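Data first, discussion second: the structure below is written as structure tokens.
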Amino acid sequence: MYPPPPPAPHRDFISVTLSLGQSYDGSKSWRRRSCWRKWKQLSRLQRNVILFFLTFLLLCGLLSYISVADQWRAVDGRSAEERKVRPADPPVLPAPQKADANPENSPGLLPQKPQRHFRRGPPNLQIRAPDKDSKDRRQDDTRRRDEVVGDARQEESTQRTVVSWRGAVIEPEQGTEPPSRKAEGPPTKPSSQAPGIQNQPASPNERQRAVIDAFRHAWTGYRKFAWGHDELKPVSRSFSEWFGLGLTLIDALDTMWILGLKKEFEEARKWVSKKLRFQKDVDVNLFESTIRILGGLLSAYHLSGDDLFLRKAEDFGNRLLPAFQTPSRIPYSDVNIGTGAAHPPRWTSDSTVAEVTSIQLEFRELSRLTGSKKFQEAAEEVTRRVHSLSGKKDGLVPMFINTHSGLFTHMGVFTLGARADSYYEYLLKQWIQGGKKETQLLEDYLEAVEGIKRHLLRRSEPRKLTFVGELAHGRFSAKMDHLVCFLPGTLALGAHHGLPADHMELARALMDTCYQMNRQMETGLSPEIVHFNLYPQSDRKDVQVKPADRHNLLRPETVESLFYLHRLTGERKYQDWGWEILQSFNKYTRVPSGGYSSISNVQDPLNPQPRDKMESFFLGETLKYLYLLFSDDPALLSLDAYVFNTEAHPLPIWAPPRVG
Ligand code: DMJ
């Protein structure tokens, strides 16, 4: 017998022997048995230490897996986002810090962060690859936006603004769902898509290419004969000045971006950077320069992310502010951007109502971006004062307002056309811009629509076209400006944002009428003003034109509304109507050497009489709306993310402020 072996000496260290690959007989069970035996031979302490060590390793593994997975998800999301490069950056870009200075005198207008132009380039046409900082900024923006949108949704679910107007109860958050497009062509995503979640940009379709061709032709003329001037005179191959600020060029910036015209955009940007100077002894019209220049610069900033445009916009906004220094706070129509002297037109101390109430989208946005409240305050004071004035008729406003007394003048005349039109448009659009919270704007808008229905709507003979006439001291006139054709689009937009469904019905009916105003003319282009026939027994056509009203200025309103109607109903006929109009523009207004010209007679296809002027809004609005009309992608400048100013410059809808 052998004595029992002495107890193994106690060792306070662990030795683990791995016999990898040494299979005695190649059997797995042997390996398992041998491991188990070794495990049993270990002391309790050794076993505990091993178990602790293994648990620790397991935990570390788990934690690092979670973090790596997160990073991958983020990377994946980012690249997906970047793959979806859109012409428009999602709305609500970060608002830079406030700073007051003239960019021409000092580079310090905006916060003194490192000056880098981070430009994203037109769709599919990255001008310059974004550097790391800009990428980071975009990611931060996206993150912040997602948070804000998340908050907004949460808030919406708990607080729903219910506005009542004469029995109509409106729940503004209930937008109309975009229709299904069954019979209308390829299915599209609903336009209520969250901002920033957009599809791969589609390459332009045939009709959009035709718009690009038209734009290039117009631009060629402007570039050759009017570069840096306000408007092209295409027939005489020269130019005209209004403000001397390169109006067409600025008005067209965002259109170039949207159409993907990289080279043209870059060249125009260079002009803005090197040549555009606002320190000039020149009078500008407050309204026209706000909607075209301020609006154009703000949009260009939003789409491109290029600070240059915001610096210019702030400089320009500062120069417009003296117009508001009137006894009534209702601004003068004109202001000298060099001297700061503001004044009404020579013959009156009145301003027009549309002009003083259609600058708010731009001034509010400028305040939001710069952090300087003075722009918003000046513009909103006008809204408040007009809101509480007497002299309205069921929400309809007169056309003039006095800058000394602050009261309406020329009372008793009501129109949706010139001098009043965009008052109504901006009530709705400001409400949308501000996140559908400013109920006073909504109430005024709803009341006005009821006023239109009650006092201005009639149907023509024999085709029963619904139209909006005018009222002068109780007398109805069957006169309608082409300008009124903005209304179907605005009504449809309101219905989309939750306003009563009968607004959409009215929008459709008025859209038909506006189309007929074009269709019934020999050139297929609407005159400036029409009169509708009200007499059933006559052999007259529905749409009558007086000799003095036969001109067409290349205005956008019909195609603007066609864009909204198509976007919000999905019906292809609206695209087809727009296509007809584009062809008419090409046939009767295109000048071979470059550019398009307004014409004097839409009823004479043999001699439409070119007037030798291409208005800046042909590039800023008409061609932009045509391009958007021909798109089947509701995410392209989504109507849930952007609101277009009255010159077709898209501005972001503000996310609601964070609560708490
Ligand atoms: C544009 O300047 C704007 O659309 C404005 O609201 C009305 N006039 C022209 C276009 O017709």
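This one's a predicted model, so the numbers in the text were calculated from it and none came from an experiment. Remember, it's 1-based here, ligands and their atoms both numbered in the order they're listed. Residues: numbered from 1 along the sequence shown.
Residue contacts with ligand 1: Leu553 is excluded, as none of its non-hydrogen atoms falls under 4.0 Å.
Counted by atom type alone, Glu557 and His482 present one or more donor-acceptor pairs between their side chains at under 3.5 Å. Side chains of Arg292 and Ser616: a donor on one and an acceptor on the other come within 3.5 Å. Side-chain atoms of Asn552 and Glu528 form no donor-acceptor pair, as typed in the model, at a separation below 3.5 Å. Side chains of His551 and Asn601: a donor-acceptor N/O pair is absent below 3.5 angstrom, by distance only. When only modelled atom types and interatomic distance are considered, Lys393 and His455 share no side-chain donor-acceptor pair under 3.5 Å.
The contact set between ligand 1 and Ile291, taken as ligand atoms under 4.0 Å from a residue heavy atom, comprises 2 (O). Atom numbering of ligand 1 starts at 1 in the shown order; those under 4.0 Å from a heavy atom of Leu483 are 7 (C), 8 (N), 11 (O). Atom numbering of ligand 1 starts at 1 in the shown order; those under 4.0 Å from a heavy atom of Phe617 are 1 (C), 2 (O), 9 (C), 10 (C). Listed by number with element, the atoms of ligand 1 under 4.0 angstrom from any heavy atom of Pro556 are 10 (C), 11 (O).
Protein heavy atom closest to atom 2 (O) of ligand 1, with residue, atom name and distance, is Glu647 OE1, 2.6 Å. Counting protein heavy atoms only, atom 10 (C) of ligand 1 is closest to Glu557 OE2, 3.3 Å. Nearest non-hydrogen protein atom to atom 8 (N) of ligand 1 is Arg555 NH1, 3.5 Å. The single protein non-hydrogen atom nearest to atom 6 (O) of ligand 1 is Thr646 OG1, 2.7 Å, given as residue, atom name and distance.
Remark: Asp213 engages Arg590 in a salt bridge, criterion side-chain N to carboxylate O under 4.0 Å.
Minimum interatomic distance between Phe467 and Leu510 (heavy atoms only, all atoms of both residues): CA-CD2, 3.9 Å.
The proximity of Arg292 to ligand 1, defined as any non-hydrogen pair under 4.0 Å, is limited to the side chain.
When each of Leu247, Leu249, Thr248 is checked for a side chain to side chain contact (heavy atoms under 4.5 Å, CB included) with Asp230, only Leu247 meets the rule.
For the pair Glu621 and ligand 1, the shortest N or O to N or O distance falls below 3.5 Å.
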